[in-house]
Every structure is written in structure tokens, then in C-alpha cells.
Amino acid sequence: MEVNVVNVSGKETGAKVQLSDSVFGIEPNDHAIYLDVKQYLANQRQGTHKSKQRNEIAGSTRKLYKQKGTGGARAGSVKSPLFNGGGRVFGPQPRDYSFKLNKKLKSLARKSALSYKAKDSNIVVVEDFVFDSVKTKSYIQLTADLNVSDVKTLLVLGAANNNVYLSSRNLKQTKVILAEQLNTYDVLNAGKLILTTGALKTLEEALAK
């Protein structure tokens, strides 16, 4: 698939790049995408949830009243789960939600997500660029020039550029990452994928293996 390369002002440079069929033109595997997104979201969970069981509640263990003859239900201490303020039965405990996936499956998921973007013509290739200073206005102007200001975007850079990253940080509709940080969730979560020429080369070298 051939894509025109534009500059930071959104104007065509006359150059074209050929998107690798082995990365951007495969038959997408939906199950691989599902597993990779599931892992990504699971890894975001802190897993610090915690409720107290009856042995962790502060209070007396004295039996409240006699076992029989009251006409009511039997009751133990005030720490019983049956009472307000008592312990919780089978409540959440701290745990690690992360799980492992093999590298080939994760690579397949990324290529599947990129292939969906290419198939729907939602990839913009832009020349490598830098910002001289940190200005949110500069990034807003960039999205306007590229005609992507009305959709959620993911900008993938070939090399670290702190000014570009900081300029985009206050904008809800955009995210900036490096090529080696690309993940399936971010690709699918964005309406438009903006790749710098440097990022495109890095991605094709990494995923074409």
C-alpha cells in the first residue's frame, strides 16, 4: 500500500512510502487483538483493593446473647458478617492481574491492528519534525494542518522529542508515544494514526521479523 508523505504543515512533499504488506497488509487476527488488549488493560490495574475479614475487624469477640430461647437468629460476635460494620465474606484482596503472552502473539496483534488502520485509510505519514519550544498551540496547529483535529489521534515518533510530547500532554484527544512503545490498545483506541517517517521505519524493522 502506497501512502503520500506530508510535512508538518499538512502539505504533500511529493514523496511516497510503501507500507510493508507483512506489517500493514496481513489478514487481521481478532483473537490475538483481544488477548493483547486484555493483557494491556489488566496490566493497568493496581490490584490494591482490600476489604477486612472478620478476624481483621476491631471489636469484641463476646457472644452477644444466648444461643437459644430468644426467638431470633443465632448470633456470634459483633464482627460477624451479618452485622453492620462486621467483616466481609470473600471480599477483594490485593492481587496481581498481569499475565503473560508470547512475543509472536503480541506481534501478530500489533500487525493486525495496524492492518485495520491501513485498510480503513486511517494512517497519516508525516516527515520527521521537532518543536523548538513547548507550546500546546503548536500541537493544535499540527492536528489542524493534518485535518485530524476532530478525531482522537495517536502520534508515533521515531525518536524522543520532549517538546512535542509536552505540547500534547494537555489535549484529551491525542497521545504521543515512541515507536518502540506502540501497543495494540493505543492503535485501536485512536481514530487516526500519525506516523513519522522515522517511526514507520522502526516499526517495519521490528515487526517484519
Between [X] (side chain) and [Y] (backbone), is there a donor-acceptor pair under 3.5 Å?
| X | Y | answer |
| --- | --- | --- |
| Ser112 | Asn29 | yes |
| Gln39 | Phe99 | yes |
| Ser80 | Phe83 | no |
| Lys63 | Ala75 | yes |
| Lys111 | Ile26 | no |
| Ser115 | Pro28 | no |
| Ser167 | Lys135 | yes |
| Glu56 | Gln53 | yes |
| Glu204 | Ser20 | yes |

Answer yes or no: is there a side-chain heavy-atom contact under 4.5 Å between [X] and [Y]?
| X | Y | result |
| --- | --- | --- |
| Thr197 | Val125 | yes |
| Lys172 | Lys152 | no |
| Tyr139 | Asn170 | no |
| Leu35 | His31 | yes |
| Phe24 | Leu200 | yes |
| Asn183 | Arg110 | yes |

With no hydrogens and no angle check, do the side chains of [X] and [Y] hold a donor and an acceptor under 3.5 Å apart?
| X | Y | value |
| --- | --- | --- |
| Thr13 | Asn7 | no |
| Ser9 | Asp145 | no |
| Ser77 | Thr61 | no |

More than 12 heavy atoms from other groups under 6.0 Å of [atom1] on [X]:
| X | atom1 | answer |
| --- | --- | --- |
| Asp132 | CG | no |
| Gln18 | CD | yes |
| Tyr65 | OH | yes |
| Arg95 | CZ | yes |

How close do Asp186 and Lys175 get, heavy atom to heavy atom, and via which atoms?
OD2-NZ, 2.9 Å
When clusters are formed by joining ILVMFWY residues with side-chain heavy atoms under 4.5 Å apart, either directly or through shared neighbours, do Leu203 and Leu157 land in the same one?
no
Are Leu19 and Val5 grouped together when hydrophobic residues (ILVMFWY) are joined by side-chain heavy atoms under 4.5 angstrom apart?
yes
Using side chain to side chain contact (heavy atoms under 4.5 Å, CB included) as the criterion, point out the one residue from Asp36, Leu41, Ile33 that pairs with Tyr185.
Leu41
Only one of Asp120, Leu146, Val151, Leu154 forms a side chain to side chain contact (heavy atoms under 4.5 Å, CB included) with Lys192, so which one is it?
Val151
